[in-house]
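Written below as structure tokens is the structure these notes are about.
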Protein chains: 2
Amino acid sequence: MAATLKDVAERAGVSRSAVSRTFTDGASVSDKMRRKVEKAADELGYQPNFLARSLTTRRTKLIGLVSDNFTNPFFLHVFDLFTSELQKRGLRPLLVNISGQHDPVDTAQMLRQYSVDGVIVASSTVEKGFVDAFRKVRLPEVYTLSRHSCSPDVNIVGIDNEAAGAFAAEVLIGRGYKRIGFMGGPEIATSTMDRFVGFSRVMSRHPELEFTHSFAEAYSFDAGRDEMLRLLKDPPAEAYFGADDVISIGALSAMHSHGLKVPDDVGLMGLNDLEMAGWANINLTTIRQPVRQIVDSSVELIATALEESEEDHVPQARLFPAKLVERGTLRPPHTG
Amino acid sequence: MAATLKDVAERAGVSRSAVSRTFTDGASVSDKMRRKVEKAADELGYQPNFLARSLTTRRTKLIGLVSDNFTNPFFLHVFDLFTSELQKRGLRPLLVNISGQHDPVDTAQMLRQYSVDGVIVASSTVEKGFVDAFRKVRLPEVYTLSRHSCSPDVNIVGIDNEAAGAFAAEVLIGRGYKRIGFMGGPEIATSTMDRFVGFSRVMSRHPELEFTHSFAEAYSFDAGRDEMLRLLKDPPAEAYFGADDVISIGALSAMHSHGLKVPDDVGLMGLNDLEMAGWANINLTTIRQPVRQIVDSSVELIATALEESEEDHVPQARLFPAKLVERGTLRPPHTG
DNA sequence: ATCTTATTTGCAACCGGTTGCAAAGCACAT
DNA sequence: ATGTGCTTTGCAACCGGTTGCAAATAAGAT
């Protein structure tokens, strides 16, 4: 069907190795030979087969991109950045969707069977079972947007969620709010829990302030809205930190339908800086993760891990600062 | 490193073919042999290498999943469905992001070099260059959510955008609106233009109605909002069809900030039924594409194309009906 | 022209599997 | 014991490449 190395060699009247060498950079071929081979290859439309090559080179340039987060629009952006960045380096993402009930061991074995060079896990809610299973196949791997503390001997890139939670509390306190609420995602999400820990730590240093907390059922608009509707049966806090934008936007909708003015009656801050947080009818003050840097750094980390031998590689955590994006749902800094 | 066929054969004291056969379904192996081999394989943690196997079987089970649509949240759902559905059939999506300036020929060659079994193009805005380049590598391919008319000799799955445009016009007319506006995405998007053609066709049958049209700069919230703000400098139409939800939601925000009540002052209808179209503070009446069926059908089509020889395969178009999702941005059907 | 050294080339083995074919093994009938 | 037909097994070639090594060629030094 498609032309092979052998076809090219025959047509050019040279050995197969010669052809192979013209298509391998750094190999020793004379100019004359190279021209002869390239001519034959062009005429036949020959392209080397990456998979056959991988058998001897032990490099497929395939990277498993594993996620279970296919509902939060934030992750479309994450996938966009990951795919472009990997492609720039000649790496190819094999996308693996582990939402639904997938067996961790099967998934890990599948990745090994496809000889992926490395694995990127992009999710903050990946189960422990996957972490263990992936580790067993001994592939270079990096966890992105994942929990900092859970696997100390593995590459992690993201923000420090505890620090981000603490920062959120400091911002709200800095605006002079006295009755402050934390509204998280589901309690099984490590991202939410880490943010909660940081948030609580700061609040506990201010016993003069009133601190309440609650958790939405899921990382979704509806869950955020429902939870806020529940909270609004009682007099609300003066300001809330919603541990994710999509939840905060749900909460905002609940506030509006209760006739509450934001930020005049109640303040609200999110986290993630979704594109729609900037929409004119939402205009959510939020904390931004530097996604581009996080992704770039993850890809760079996996790319260098591919070069090193397994023993040489020392896993690292790369934590980035999150920063406030001021919009219209918090009152301005307290002056005086 | 990892155990190979040869390792297992030696440990079990049998030939390599015997091992190969135990891991190939439908091959002839006695029970005794199978047990012996499986024991050895277990002890060594052996798993067959898919890529080596593909060399002789000529099947990688890799499917190129090509898209340039990484900003519309609608596509996160599309990717979710595609990956799960492919995985269910043991197929693996190699995700290719062709947004940005990618050379069509390079992309097509890359897919050939990775020996993908087939290609799914999931986008309504793919350039002609890609269609041509993909065709040249002679891989089974299906275009999903793509233009119906552009390539008659290629598999296409999606809705009939012209019909959907016509349907939209009929709905608005049926609600008794007399001054009707079409608001499209960018004029280079085939989806928008096809919808516009259908919409116009119906409107032209009603010369007694006033019909205006305009196009937003992009498929984005901001573009929709900007375009609507521009329109609102003059007295607006009674109702608009925004050819995509994200544009419509932008337009909705513009209407609100002009103090217009929807649907009392002006009606609005979108297309796609994004999750957020159902959010309480948006509540957009819209036209839904049956995404799940479209994706399932695409995967089924590519799966059967893989079985057939190239000559036997006859390309087909599978068009699904789109249907109205009634929410709160259109007045109820006109009675009397 | 001759010797030394560096560069280019081809041979053949290998990467990790599959598969057509013929030999071997088996069950059963004669 | 012999023959028949069916299943199981191993041999060896192949899939499409790469690569260590030695032979062949080219380049440079004398």
Side-chain angles (χ1 to χ4, degrees), chain A residues 1-41 44-62 109-117 137, chain B residues 1-41 44-62 109-117 137:
Chain A
M1 186 64 223
T4 75
L5 194 80
K6 190 162 148 249
D7 301 331
V8 179
E10 280 167 9
R11 172 172 262 259
V14 300
S15 74
R16 289 158 61 226
S17 347
V19 180
S20 172
R21 287 190 179 105
T22 33
F23 287 93
T24 314
D25 8 68
S28 118
V29 231
S30 68
D31 284 5
K32 195 173 4 142
M33 172 67 86
R34 154 156 280 128
R35 272 193 299 273
K36 235 191 320 187
V37 170
E38 277 174 352
K39 179 154 172 293
L44 295 171
Y46 169 77
Q47 293 288 127
N49 179 325
F50 282 176
L51 302 185
R53 168 180 289 176
S54 79
L55 235 39
T56 38
T57 60
R58 306 183 157 282
R59 286 269 170 284
T60 54
K61 302 206 164 214
L62 289 173
Q109 284 187 346
M110 182 277 285
L111 288 168
R112 208 186 66 175
Q113 295 193 289
Y114 274 99
S115 310
V116 298
D117 288 349
V137 301
Chain B
M1 189 61 222
T4 75
L5 194 80
K6 190 164 148 247
D7 301 332
V8 178
E10 279 168 9
R11 172 172 263 259
V14 300
S15 74
R16 289 157 63 227
S17 348
V19 180
S20 173
R21 288 191 179 106
T22 30
F23 286 93
T24 314
D25 8 69
S28 119
V29 231
S30 67
D31 284 4
K32 196 175 3 147
M33 172 67 85
R34 154 155 280 130
R35 271 192 298 275
K36 236 195 315 191
V37 170
E38 277 173 352
K39 179 155 173 293
L44 296 170
Y46 169 77
Q47 293 287 127
N49 179 325
F50 282 176
L51 302 185
R53 168 180 288 176
S54 79
L55 236 39
T56 38
T57 59
R58 301 179 165 282
R59 286 269 171 283
T60 54
K61 302 208 163 212
L62 289 172
Q109 284 187 348
M110 182 278 284
L111 288 168
R112 207 186 66 172
Q113 295 193 292
Y114 273 100
S115 311
V116 298
D117 287 349
V137 300

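Note that the structure is predicted; figures quoted are calculated from it, not measured. The sequence lines fix the lettering, A, B, ..., with proteins before strands; numbering per chain opens at 1.
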* Euclidean distance, N49(A) CG relative to L55(A) CG, rounded to 0.5 Å -> 9.5 Å
* Structure fact -> Result for 5'-nearest mapping on DNA chain C, choosing between T56(A) and R53(B), is T56(A)
* Answer with base, sugar-phosphate or nothing: what part of the nucleic acid does S17(A) contact at a heavy-atom distance below 4.0 Å? => base
* Structure fact -> Residues passing the side chain to side chain donor-acceptor pair (under 3.5 Å) test with S20(B), sequence neighbours excluded, are none
* Asked: Can you name the one residue among D7(A), T4(A), T24(A), V8(A) that meets side chain to side chain contact (heavy atoms under 4.5 Å, CB included) with V19(A)?
  -> V8(A)
* Asked: What pairs with S54(B) under side chain to side chain donor-acceptor pair (under 3.5 Å), at least two apart in sequence or on another chain?
  -> none
* Asked: For E10(A), what residues pass the side chain to side chain contact (heavy atoms under 4.5 Å, CB included) criterion, not counting sequence neighbours?
  -> K6(A)
* Taking all atoms of both residues into account, what is the closest heavy-atom pair of S115(B) and T60(B), and its distance? -> O-OG1, 2.7 Å
* To do: Take the C1' atoms of the five end pairs on each side of the helix from dA1(C)-dT30(D) to dT30(C)-dA1(D), get both axes, and report the angle to 10 degrees.
  => 40°
* Which residues, if any, of residues 27-34 of chain B bring a heavy atom under 4.0 Å of DNA chain D? -> S28(B), V29(B), S30(B), M33(B)
* Asked: When all nucleic acid strands are considered with a 4.0 Å heavy-atom cut-off, which category describes Q47(B): base, sugar-phosphate, or nothing?
  -> sugar-phosphate
* To do: Hey, which sits more toward the 5' end of DNA chain D by its nearest nucleotide, L55(B) or S15(B)?
  => S15(B)
* Using the heavy-atom set of chain A and a strict 4.0 Å cut-off, write down the first and last nucleotide of DNA chain C that makes it in, 5' to 3'. => dT8(C) to dG16(C)
* Heavy-atom closest contact (Y114(B) atom, K61(A) atom, distance) -> OH-CB, 3.3 Å
Show me the donor-acceptor pairs, under 3.5 Å and distance only, between side chains in residues 31-41 of chain A and residues at least two apart or in other chains.
residue	atom	partner	partner atom	Å
R34(A)	NH2	T22(A)	O	3.0
K39(A)	NZ	E43(A)	OE2	3.3

* Rounded distance [0.5 Å steps], OG1 in T57(A) versus CZ in F50(A) -> 10.0 Å
* To do: Just jot down the side chain to side chain contact (heavy atoms under 4.5 Å, CB included) partners of R21(A), sequence neighbours excluded, or say none.
  => S17(A), A27(A), V29(A)
